[in-house]
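Chain letters run A, B, ... following the sequence lines, proteins first and then strands; every chain starts at 1.
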Amino acid sequence: MARTLTMIEAITEAMAQEMERDERVFVMGEDIGLSGGVFKATAGLYDKFGEERVLDTPLAEGNIIASAVGASMVGLRPIAEIQFADFITPAMESIVQQASKIRYRSAGGYGCSLTVRICCGGGTGGGLYHSQENAAWFVHEPGLKVVMPSTPYDAKGLLLAAIRDPNPVLYFEHKKLYRTAKGDVPEGDYTVPIGKAETRRQGRDMTVVTYGYMTPLCLEAAEQMSKSGVEAEVIDLRTLSPLDRDTVLESVRRTNKCLIVHEDKRTLGIGGEISAIIAEEAFEDLDGPIVRITGPDVPAIPFAPPLEHAWMVNTEKIVAGMQKLAAY
Amino acid sequence: MARTLTMIEAITEAMAQEMERDERVFVMGEDIGLSGGVFKATAGLYDKFGEERVLDTPLAEGNIIASAVGASMVGLRPIAEIQFADFITPAMESIVQQASKIRYRSAGGYGCSLTVRICCGGGTGGGLYHSQENAAWFVHEPGLKVVMPSTPYDAKGLLLAAIRDPNPVLYFEHKKLYRTAKGDVPEGDYTVPIGKAETRRQGRDMTVVTYGYMTPLCLEAAEQMSKSGVEAEVIDLRTLSPLDRDTVLESVRRTNKCLIVHEDKRTLGIGGEISAIIAEEAFEDLDGPIVRITGPDVPAIPFAPPLEHAWMVNTEKIVAGMQKLAAY
Amino acid sequence: MASKSGRAVAELETEKSENGRELMLGLYQMLVKCRMCDEKARILFRQGKYAGNFYSGVGQEAAEVGAAYSLREDDWIAPSHRDWTANIIKGAPLKLCFAQLFGKATSPDRGKSTPAHMGYPPIHTITPASSIAGQLAVGTGVAFGLKRLGRDTVVVSFFGDGATSLGGFHEALNFAGVHRLPIIYVCQNNLWAESVPLRLQTALTDLSDRAKAYGFPGVSVDGNDVMAVYDAATKAIARARSGEGPTFIECKTYRWYGHSEIDPAKYRTKEEVEAWKKRDPLVLFEKVLRDKKFLTDELKDKIAKGITQEINEAVEFAEQSPYPDASELKDHIWAQE
Amino acid sequence: MASKSGRAVAELETEKSENGRELMLGLYQMLVKCRMCDEKARILFRQGKYAGNFYSGVGQEAAEVGAAYSLREDDWIAPSHRDWTANIIKGAPLKLCFAQLFGKATSPDRGKSTPAHMGYPPIHTITPASSIAGQLAVGTGVAFGLKRLGRDTVVVSFFGDGATSLGGFHEALNFAGVHRLPIIYVCQNNLWAESVPLRLQTALTDLSDRAKAYGFPGVSVDGNDVMAVYDAATKAIARARSGEGPTFIECKTYRWYGHSEIDPAKYRTKEEVEAWKKRDPLVLFEKVLRDKKFLTDELKDKIAKGITQEINEAVEFAEQSPYPDASELKDHIWAQE
Ligand SMILES: Cc1ncc(C[n+]2csc(CCOP(=O)(O)OP(=O)(O)O)c2C)c(N)n1
Ligand SMILES: Cc1ncc(C[n+]2csc(CCOP(=O)(O)OP(=O)(O)O)c2C)c(N)n1
Ligand SMILES: [Mg+2]
Ligand SMILES: [Mg+2]
């Protein structure tokens, strides 16, 4: 049975069900226990599972991850929360030098089955330090999987897949989608495979590659373009690492054009890699440049409404990109 | 008057001369004082300038950078050293949330004139944690400049430019070049402009974009190809952020082909961005795919000689890439 | 420096001093100003006058004012998220403080950062990042720079109990200890870090014990007693100014409201909140002043009226100020060489 | 736990115990084994038998052996760069230890990591990253996991004086304090972090004072007195095992050679080195054993010969082992689901 849930409800449900199913699973992070999380992602878990399995940690992101890595090494399955992606920097050492490399450096002797939930993204007035998205750093680091759902269905399915994955998985959640993304979510158990993109809309005229909060905007833009006869195919990556090259390449080889859309800064954003893969593998199929619509090369999203608005990719900007590409 | 210096000598000279010239300049880091640095980059400075200006710090990379940021805010010009790029992760917060954003978040009220010297790169048997190169993370962060010299001349000139730059500059040094790169270096004062790539070899048949330790290897490969009549143009980026788009694009528009070479991991390495820029701006000029020859998507460079060798890009691999591209 | 509670040591030095009256009335006025500005900031947020968030310091004014009041003009403050009023104490025009909340082009950061995360270069308050302990690390760097420049200026660094768990806190304090930096670490221990209670934050009872790991003095004081904080702070400032190095001051206090204006703070008991409200730092200090006959109803009224007017003007200024233009998005990323 | 130097408290408990002789001879043998293996590792590096680097622990064996000797098989060790011998103490076959140095396919990490950075899952030693304090943070996480699983196993974490400056150190120890984790933090304070002297690392005299910031006991012992270390460690292990939480043990000791085999260590004075060499932990302990008539020339010889043979076999094994094939470059990145 499926019901309509918001994305945040889907996330909470995934954790609750998996904790019920698997004793090894527990959650830890700042403000995830007593208060149920800044965005209420862990609401109800503390009452249900108690402090042992829903642990409010000291204010120390590096240790949240390091202690979760250690706990996973003895067979537990921690879900660690980083309250805002902006505050993941103190945990860089733990994520990149420990979580992503413990298996490799021990030749498989020690593993790290760890899920890190990270709230990210702009467009909600969060200002410079409550709006960042930095998944790109981690996509650069093999040994880590990186996912980011755009629908409640995927939010639950990807989170269950992440928790069960024997590798460290960074699970980015866009705060703007928490309550705006609503959709059918099965009550029961299911997973969405990590590493598989989803084609959200079919189209013959161009491929749009995107993920997260940009997905609904791209779909909206595609509908607008449809009115003038241009049919865009919209691919929601869902997994940012490892990238689903096949789905992207197959589509681009068919549509012969590619638009990449993300909210993160342009330079060395995920779009750079997508573009490079296409330019390398599907060059002969291209009928136009690979166009990127992205956030600007600015340190972070500023607070003042006109500045935040100027940063954010919106339907209008995406349509403009589509029109530019359609002209080829 | 120019003399032949090794790269490490050029680096030491730049610091010594600038400390002489400008009282505000000082160096700080681990083992840079009493011992003159793990690679002797700061040799002699302690004796010459004393502990006040050549400061061995506690083992705390985050604080090395944070204290340098603070010192720069009151008008000093710190040169901070991160002993190995592998150990920059504990400083991620200080670099990305402080150094790169203090000017922006204060609307120019506070500045950050800071140079961070970072020893990086593989091929010397350093193993997983003494071989990393992670400049790509920082290229993704506006507010930071990122440079990486490939010759002693540039090493001195870029370092002087970095110290005088009123912005935070990350200055990456490839350890493999410290003593293998030798060349003419003027005794006097000069700077190499940040943001300008250098064309190290002219060629009509393809553009090779590279930087750092890969530069001499690309030049060697180009000479080999020349024997079979293929003339490669070799561009040494020198500055990784902001990228010198113009030099790259102008060349590609002329040669119609592009090979990108770097030692860092492939996915979201700097090559991704270069490729994306070309695919976006010079698409119509391309006669072949944009080919990348890079390190593999493996967590870091392993120690065992066969494994390290398998990781490293070498002249052979570059030649293979050139041949592939020449065939188009 | 050894006493655990400044107040318990009986009459404080500063109270005995010549111009005790002037000083104490000055402190009182500043307490009232901070309280009134803070309450106004909360109302404005609830009225939807600005987005983002606000972190009220109501209940903690004695720690804030006591620690920063005696700073010289050329001294520095490294405020954190709950220290918007530190700017007021250091002398920032209220107009700018409210423009900051509104993210207007007239604010020191031209709307770039976040409401309440305020710094203002002319008065040497450092624009904070939100990242906890970040401002503390950079503030320590400023102290390091000042020392290298041979200045006799000092830095006051504000932060909470939660901040003391972060690695950046440790690295900074350790460095300050090694180099005897001119900095005063003022920890406002309000028993909660957002919703995390102290028992899950630290095994310590007194956070001043943290200082024992760095070789400089730590002292715990009643953070709701402005004179106790002031006394500890002036001693620490004198110490720092004369080159003897840092001091850690733990001010035990409490925030009356949620972590931020969007936090209902259901994790705390009513009893706990009520008990602390009974120890309102303003009421406590008013009683001292009245006992000493320094404060009358008349004067109290006059002070409140003056501040009200100043606030109204400031809010009006902020409201009338324009937002920065979208074209400013790319300004201030790079310094011009 | 309060005493600053275990030895000064006169005769140690363990020395009075029933099987003192067996225990002490066991400790002695392990000291000799660590010394001989370490010296051999140095020679092999200098002979160019392997690249990378080696971080000799010669001079610090008493701290290493004393702290780890009484661990149970199911207990864990989180070694750092200078603790290659921790694997030996915990029972790793010497063959694997030397294969590790050589980066051979027969080493536990199949040549992936770095010589000397050794871990071996069957004996629960954690393969360390080079990043200082990293192994300490992960080791604390293991202790956290063990406690959650309800096990009565403990973790010994080894690190140096320099490591205590890092943020990760602070965050881990704070967490261990809050949750009374079953971990023993063994700081080998050898006065230098690479070339940085203690006075530039910390304002403290005794690094055990760091523990005061975390609410658990800290003790400083003579790190060249194996019995003093052993005594402090067994108490701390018992404490951890019974759920009372962590202990910090500072072992004051000294490394005889450079930071690594490529460091001439010119930053130290000859006098300092000589003075410490006179306090050779092996010689000191040998004297104790001889006084007690536990050790004879004959036995000493026999022990040395046995170890020499074991080492020779191990080195031969390592030399003869193949390197991993280049095709292994991409192995072990991902677990198979
Ligand atoms: C590095 C980092 N992690 C998390 C946060 C989110 N956050 C903001 S304030 C806060 C609690 C701070 O507690 P404390 O230091 O006690 O200060 P208080 O809010 O009580 O004044 C948290 C977790 C942050 N701003 N920075
Ligand atoms: C985070 C980090 N920074 C720098 C280094 C380089 N490094 C390796 S060992 C060392 C000194 C360690 O000193 P200490 O902790 O006292 O241990 P010791 O070497 O004396 O045993 C340094 C700086 C590192 N490995 N990790
Ligand atoms: Mg607090
Ligand atoms: Mg040491």
Exercise. Given side-chain contact (heavy atoms from CB on, under 4.5 Å), test V298(A) with I333(C) step by step and report yes or no.
Key: CA-CA 7 Å; V298(A) 164; I333(C) 303 174; 3.8 Å; yes
Exercise. Check each atom of A163(C) against the heavy atoms of chain A and say whether the ones under 4.5 Å are side chain, backbone, both or neither.
Key: backbone
Quiz prompt | Proximal component of T124(A), with respect to chain C [non-hydrogen, under 4.5 Å] | solution = neither
Self-check item: Which atom of L166(C) lies closest to which atom of L59(A), heavy atoms considered
Solution: CG-O, 3.0 Å
Exercise. Answer with side chain, backbone, both or neither: which region of W334(C) has an atom nearer than 4.5 Å to a non-hydrogen atom of chain A?
Key: neither
Quiz prompt | Portion of H130(A) that has a non-hydrogen atom of chain C nearer than 4.5 angstrom | solution = side chain
Exercise. State, to 0.1 Å, how close A326(C) and A310(A) come at their nearest heavy-atom pair, and which atoms those are.
Key: CB-CB, 3.9 Å
Quiz item: Looking at N53(C), I132(C), T164(C), which has the largest count of heavy-atom pairs under 4.5 Å with chain A?
Solution: I132(C)
Quiz item: So with a 6.0 Å cut-off around CD of Q47(C), is the heavy-atom count from everything else above 12?
Solution: yes
Quiz item: What is the minimum heavy-atom distance between D325(C) and L307(A), and which atoms define it?
Solution: O-CD2, 3.4 Å
Exercise. Quick one: do E194(C) and V38(A) satisfy side-chain contact (heavy atoms from CB on, under 4.5 Å)? Show the steps, please.
Key: CA-CA 9 Å; E194(C) 206 151 338; V38(A) 169; 3.2 Å; yes
Quiz prompt | Which atoms of N63(A) approach chain C - backbone, side chain, both or neither, heavy atom under 4.5 Å | solution = neither
Quiz item: What residue in A300(A), G33(A), P305(A), G36(A) has the most heavy-atom pairs under 4.5 Å with chain C?
Solution: P305(A)
Quiz prompt | Nearest heavy atoms of P324(C) and A304(A), plus distance in Å | solution = CG-CB, 3.5 Å
Quiz item: Is chain A contacted by the side chain of F169(C), its backbone, both, or neither, given a heavy-atom distance below 4.5 Å?
Solution: neither
Quiz prompt | Identified side chain to side chain contact (heavy atoms under 4.5 Å, CB included) partner of F303(A) from the options P115(C), S107(C), S113(C) | solution = P115(C)
Exercise. Test L34(A) against K266(C) for side-chain contact (heavy atoms from CB on, under 4.5 Å), laying out the working first.
Key: CA-CA 9 Å; L34(A) 279 176; K266(C) 294 207 180 121; over 6 Å; no
Exercise. Please look at D109(C) and chain A and tell me whether the side chain, the backbone, both or neither of the residue comes under 4.5 angstrom of a heavy atom of that chain.
Key: neither
Self-check item: Which atoms of R268(C) approach chain A - backbone, side chain, both or neither, heavy atom under 4.5 Å
Solution: neither
Practice problem: Give the minimum heavy-atom separation between P58(A) and Q201(C), together with the two atoms involved. | Solution: CA-OE1, 3.2 Å
